[in-house]
Peer 1: 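Below is the structure I would like to discuss, written out as structure tokens.
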Amino acid sequence: MGDDRKLTTQEEDFSAWYNEIVYKAELAAHSQVRGCMVIRPYGFRIWELMQGALDSMFKETGHQNAYFPMFLPQSALDREAQHVEGFAPETAVVTRAGGAELEEPLVVRPTSEAVIWPIAADWIDSYRDLPVLLNQWTNVVRWEMRTRPFLRTTEFLWQEGHTAHVDEEDARAETLRMLGIYRTFMEDWMAMPVYTGRKTAAERFAGAVDTFACEALMKDNKALQAGTSHYLGENFARAFDVRFQTVEGEHAYVHNTSWGVSTRLIGGLIMTHGDDTGLILPPRLAPIQAIIVPIWKNDEQQAAVLAVAREVEADLLEAGIRVRVDDRQGMNPGAKYYDWERKGVPVRLEIGPRDVEAGSVMTVRRFTPEGQDRKRAVGRTELVAELPAQLERMQQELYVEALQRRAANTTTGIEDYEQFKDVVEQKGGFVFTGWCGDPVCEARVKEETKTTIRVIVGDDLASHVPPASCLCGDESVMEVVRARAY
RNA sequence: CGGGGCGUGGCUCAGUCCGGUAGAGCGCUGCGUUCGGGACGCAGAGGUCCCCGGUUCAAAUCCGGGCGCCCCGACCA
């Protein structure tokens with residue numbers, strides 16, 4: 001008769017904790033099909049808020065949304081050699097439809113390069129038509145062997161940007177611009193710090209010349225690839241014949257990019273901020289930023305308290321806050337507290353007879369840094385005036401907290417392999433090391449330690465004293481961040 | 001695909017070894033009392049015990065076959 005109202009703690013079993021949050025906070029539900037997932041309204045609202053923020057950033061940088069079909073002919077996927085090799089094993093293929101075998105199998109898109117470029121090629125004749133800056137919000141299907149809600153599902157929702165440029169310089173600038181937008185979004189909206197950088201050839205997107213990624217550190221000290229941006233060179237342009245006439249009147253292939261973030265971000269959000277009580281949502285992405293819990297002892301009080309609660313709700317809505325009154329009957333206030341804490345609502349507003357009398361509201365923070373008051377009574381007008389700013393402060397505090405956690409779990413200056421293994425085993429987290437650049441060495445370290453090179457560090461992250469040697473003992477030619485990852 | 005585990009009300013599971021009236025907690029419905037940190041009482045609803053076959057007077061339980069799910073490893077946003 002264990003108390004099934006309590007979550008498994010992160011300490012006991014992080015994986016179990018994660019799963020319980022996903023289902024008990026009503027983010028997702030099991031589906032009838034292996035590896036697929038139902039995103040419930042509460043979880044989907046988080047995704048909508050993410051979409052809203054990202055979409056406006058895309059539009060501000062000149063991108064337009066479009067929609068391409070979810071099916072592509074097998075032959076189209078087959079056109080870019082590395083791309084097929086990378087994706088073919090995990091595609092779902094429709095061979096039968098309308099009661100008959102299809103002439104040619106249809107692949108359910110695992111990503112849309114091979115859907116978009118054969119068509120968009122016709123929209124590009126001249127350098128004047130470039131750049132083409134497209135984005136689409138869609139579902140894709142990848143038949144992964146092992147799935148986990150939000151982190152890796154057979155079908156997932158994402159956005160995929162696809163662009164075409166006149167030359168490498170322009171395309172590379174786009175690749176990094178979008179990486180930067182992802183980073184800004186993750187830091188400013190998700191309060192999730194990320195390391196950004198280039199991937200090694202082994203970790204590159206199938207068909208890309210260069211892949212860049214945002215890497216976040218989860219509370220179990222494993223890394224999560226939260227978003228990627230690829231410079232595709234002329235690979236897809238050549239495969240799908242996407243050419244244009246240059247200023248000089250010559251024919252040239254476009255240079256493409258693609259970039260995406262998915263519903264995996266919700267998994268990242270959970271594992272960046274959640275605690276043993278449940279989810280903790282950064283205010284900017286919280287479907288409900290403030291929940292009003294009315295408290296009463298009898299019908300008379302109930303009427304009075306609810307009336308005030310409605311007024312406070314209206315005032316806060318006016319102030320632009322996503323607020324709701326929890327007027328459920330037959331449920332004690334305490335039970336409501338636990339419920340909303342598990343769902344990660346940033347602020348709870350308790351209104352009882354005493355508050356009605358005093359014209360105040362009891363505010364309780366979901367996340368409270370050391371040295372701050374969790375509960376505080378404030379006057380109603382004061383509340384409406386300061387809650388928006390308070391939510392913004394919480395947003396910042398969550399980010400700082402996550403940043404400090406990452407700093408505490410990042411190790412630099414490791415050159416000795418045995419020492420590296422110790423750090424990985426005993427502490428985990430991000431480890432900065434040197435790398436000789438040899439893929440064989442990379443593969444060996446991966447095999448032996450289950451860590452991968454998450455990114456090659458750029459100047460922005462480089463250590464003051466860059467490592468002189470690689471873990472293999474050879475001379476280091478670049479600094480890398482290694483970690484065990486999801 | 002290799003290794004482990006499990007299929008019993010909506011959920012978590014007991015019962016299976018040793019065959020004999022299908023159970024518990026949570027959730028749900030109604031009524032009443034409660035309500036400032038997970039309330040309580042009373043009354044109720046809800047089940048092809050994963051499927052097919054076999055053994056038996058009798059199968060959730062034993063036997064054979066199938067299907068499904070979960071967890072751990074190799075791939076991935």
Side-chain angles (χ1 to χ4, degrees), chain A residues 1-8 13 15-16 19-20 23-24 29-36 85-91 110-111 138-160 182 199 202-206 211 213-216 223-230 258-268 277-278 293-299 301-302 305 326-342 348-358 360-362 364 374-375 377 443 446-447 450 452 485-486:
Chain A
M1 270 108 298
D3 189 353
D4 61 355
R5 291 182 300 192
K6 280 214 163 55
L7 293 170
T8 301
D13 184 345
S15 223
N19 281 322
E20 285 172 27
Y23 298 115
K24 292 186 175 174
H30 292 291
S31 82
Q32 296 163 285
V33 177
R34 182 205 85 101
C36 291
E85 201 187 319
F87 284 106
E90 56 186 51
T91 53
T111 175
T138 69
N139 57 344
V140 285
V141 168
R142 297 183 187 176
W143 220 262
E144 303 288 354
M145 304 186 198
R146 274 196 62 209
T147 59
R148 299 197 57 191
F150 292 113
L151 298 174
R152 193 182 306 104
T153 45
T154 299
E155 178 194 22
F156 59 92
L157 303 184
W158 76 345
Q159 93 9 252
E160 45 179 334
Y182 286 158
K199 288 278 182 183
E203 304 285 329
R204 210 177 270 157
F205 173 77
T211 288
C214 298
E215 294 282 334
L224 182 75
Q225 179 170 306
T228 47
S229 185
H230 317 287
S258 69
W259 27 274
V261 294
S262 71
T263 37
R264 168 180 276 191
L265 290 177
I266 295 174
T277 307
V293 178
I295 299 157
W296 59 75
K297 286 197 197 305
N298 53 50
D299 289 355
Q301 285 183 348
Q302 177 177 340
V305 162
D326 183 354
D327 57 3
R328 284 178 289 183
Q329 307 286 313
M331 198 172 174
N332 282 341
K336 293 180 181 178
Y337 300 166
Y338 279 99
D339 192 37
W340 294 112
E341 280 171 6
R342 183 152 69 191
R348 177 173 76 240
L349 304 172
E350 303 174 7
I351 301 178
R354 295 205 292 268
D355 302 292
V356 170
E357 184 93 11
S360 66
V361 172
M362 185 63 77
V364 186
R374 196 173 85 97
K375 283 181 101 152
K446 178 178 177 180
E447 168 76 24
K450 308 285 181 212
T452 45
Y486 274 94

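Every chain is numbered from 1, with letters handed out A, B, ... down the list of sequences. In this text the structure is predicted, and so the values were computed from the model without any measurement. Both backbone and side-chain heavy atoms feed into the values below; hydrogens, waters and symmetry mates do not.
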Peer 1: For the side chain of A:E144, counting heavy atoms from C-beta on, which of B:rC71, B:rC75, B:rA74 is nearest?
Peer 2: B:rC75
Peer 1: Whole angstrom is fine here: how far is it from CG in A:D326 over to P in B:rG37?
Peer 2: 15 Å
Peer 1: To the nearest 0.5 Å, how far apart are CD in A:Q159 and OG in A:S262?
Peer 2: 9.0 Å
Peer 1: Provide the Watson-Crick or G-U wobble partner of B:rC76, both distances under 3.5 Å; none if there is no partner.
Peer 2: none
Peer 1: With a non-hydrogen cut-off below 4.0 angstrom, is A:N298 in contact with a base, only sugar-phosphate, or nothing?
Peer 2: nothing
Peer 1: Of all the nucleotides listed (B:rA77, B:rG38, B:rG36), which has the minimum atom distance to the side chain of A:Q225?
Peer 2: B:rA77
Peer 1: Report yes if some heavy atom in the side chain of A:F205 is under 4.5 Å from a heavy atom in the side chain of A:T111; otherwise report no.
Peer 2: yes
Peer 1: List in chain and number order the residues that pass ring-ring contact (aromatic ring centres under 6.0 Å, His included) with A:Y338, two or more places apart in sequence or in another chain; answer none if no residue qualifies.
Peer 2: none
Peer 1: Aromatic rings A:W259 and A:Y182: how do their planes relate, parallel, tilted or perpendicular, breaks at 30° and 60°?
Peer 2: perpendicular
Peer 1: Can you find a donor-acceptor N/O pair under 3.5 angstrom joining the side chain of A:E341 to the base of B:rG38?
Peer 2: no
Peer 1: Is the shortest side-chain N to carboxylate O distance from A:E144 to A:R264 below 4.0 Å?
Peer 2: no
Peer 1: With both distances kept under 3.5 Å, what pairs with B:rC18, Watson-Crick or G-U wobble?
Peer 2: none
Peer 1: With both distances kept under 3.5 Å, what pairs with B:rU56, Watson-Crick or G-U wobble?
Peer 2: none
Peer 1: Can you measure from CG (A:N332) to CD1 (A:I295) and round to the nearest 0.5 angstrom?
Peer 2: 10.5 Å
Peer 1: Can you tell me the distance, in whole Å, between the CD atom of A:Q301 and the P atom of B:rG36?
Peer 2: 11 Å
Peer 1: Which of the following nucleotides, B:rG38, B:rC75, B:rC35, is nearest to the side chain of A:K446?
Peer 2: B:rC75
Peer 1: If you assign A:H30 and A:Y486 each to the RNA chain B nucleotide with the nearest heavy atom, which residue ends up on the more 5' nucleotide?
Peer 2: A:H30
Peer 1: Please name the nucleotide paired to B:rA39 by Watson-Crick or G-U wobble geometry with both distances under 3.5 Å, or report none.
Peer 2: B:rU33
Peer 1: Partner of B:rG47 by Watson-Crick or G-U wobble geometry, both contacts under 3.5 Å, or none?
Peer 2: none
Peer 1: Tell me whether the ring of A:F156 lies stacked over the B:rA77 base, given a 5.5 Å limit on centroids and a 30° limit on the plane angle.
Peer 2: yes
Peer 1: Does A:Y338 stack onto the base of B:rG38, taking stacking as ring centres under 5.5 Å apart and planes under 30° apart?
Peer 2: yes
Peer 1: Heavy atoms only, 4.0 Å cut-off, all strands: where does A:T153 land among base, sugar-phosphate and nothing?
Peer 2: base
Peer 1: When the nearest nucleotide of RNA chain B is assigned to A:R152 and to A:S15 on a heavy-atom basis, which residue is associated with the more 5' position?
Peer 2: A:S15
Peer 1: Roughly how far apart, to the nearest Å, are B:rA24 and B:rA45 at atom P?
Peer 2: 13 Å
Peer 1: When we call it a touch if two heavy atoms are under 4.0 Å apart, what does A:R374 touch: a base, just sugar-phosphate, or nothing?
Peer 2: base
Peer 1: A:M362 has an atom CE; how far is it from atom P of B:rG37, in whole Å?
Peer 2: 11 Å
Peer 1: Taking the minimum atom-to-atom distance to the side chain of A:E90, which one of B:rA77, B:rG73, B:rC75 wins?
Peer 2: B:rC75
Peer 1: Please work out if A:G260 contacts a base, only the sugar-phosphate, or nothing of the nucleic acid, heavy-atom cut-off 4.0 Å.
Peer 2: nothing
Peer 1: Round to a whole Å and report the spacing from CZ of A:R348 to C1' of B:rG38.
Peer 2: 12 Å
Peer 1: Using whole Å, what does the distance between atom P of nucleotide B:rC71 and atom CG of A:L151 come to?
Peer 2: 12 Å
Peer 1: Looking at every strand, decide which applies to A:P353 at a 4.0 Å heavy-atom threshold: base, sugar-phosphate, or nothing.
Peer 2: base
Peer 1: Using atom P in both nucleotides, what's the gap between B:rG30 and B:rC70 to the nearest angstrom?
Peer 2: 35 Å
Peer 1: Rounded to the nearest angstrom, tell me the gap between atom CZ in A:R148 and atom P in B:rA77.
Peer 2: 16 Å
Peer 1: Using whole Å, what does the distance between atom P of nucleotide B:rC76 and atom NZ of A:K199 come to?
Peer 2: 10 Å
Peer 1: On a whole-Å scale, what distance lies between the P atoms belonging to B:rA22 and B:rG32?
Peer 2: 36 Å
Peer 1: Which value, in whole Å, describes the distance between the C1' atoms of nucleotides B:rG9 and B:rG25?
Peer 2: 13 Å
Peer 1: Using atom C1' in both nucleotides, what's the gap between B:rU21 and B:rU61 to the nearest angstrom?
Peer 2: 15 Å
Peer 1: Roughly how far apart are A:T153 OG1 and A:R142 CZ, rounded to 0.5 Å?
Peer 2: 10.5 Å
Peer 1: Under 4.0 Å, heavy atoms only, any strand: does A:W158 hit a base, just the sugar-phosphate, or nothing?
Peer 2: nothing
Peer 1: For the C1' atoms, the ones on B:rG19 and on B:rA58, what distance do you get once it is rounded to whole angstrom?
Peer 2: 8 Å
Peer 1: Rounded to whole Å, how long is the line connecting atom CG of A:D339 with atom C1' of B:rG37?
Peer 2: 13 Å
Peer 1: For the atom pair OG1 (A:T452) and NZ (A:K199), what is the distance rounded to the nearest 0.5 Å?
Peer 2: 6.5 Å
Peer 1: Taking the six-membered ring of A:Y337 as reference, does the NZ or CZ atom of A:R348 fall below 6.0 Å from its centre and within a 45° cone about the axis?
Peer 2: yes
Peer 1: Using the C1' atom in both, what is the distance from B:rC6 to B:rG53, to the nearest Å?
Peer 2: 23 Å
Peer 1: Distances under 3.5 Å only, N/O to N/O: pair up the protein atoms with those of nucleotides 39-44 of chain B.
Peer 2:
from: B:rA39; atom 1: OP2; to: A:N332; atom 2: ND2; distance (Å): 2.5
from: B:rA39; atom 1: O4'; to: A:N332; atom 2: ND2; distance (Å): 3.1

Peer 1: So A:R328, base contact, sugar-phosphate only, or nothing? Heavy-atom distance under 4.0 Å.
Peer 2: nothing
Peer 1: Going from NZ on A:K336 to CG on A:D327, what distance comes out if it is rounded to the nearest 0.5 angstrom?
Peer 2: 6.5 Å
Peer 1: Taking only N and O in the side chain of A:K24, is any of them less than 4.0 Å away from OP1 or OP2 of B:rC11?
Peer 2: no
Peer 1: Work out how far the P atom of B:rU8 is from that of B:rG54, and round it to whole angstrom.
Peer 2: 24 Å
Peer 1: Does A:W296 have any ring-ring contact (aromatic ring centres under 6.0 Å, His included) partners at least two apart in sequence or in another chain, and if so, which?
Peer 2: none
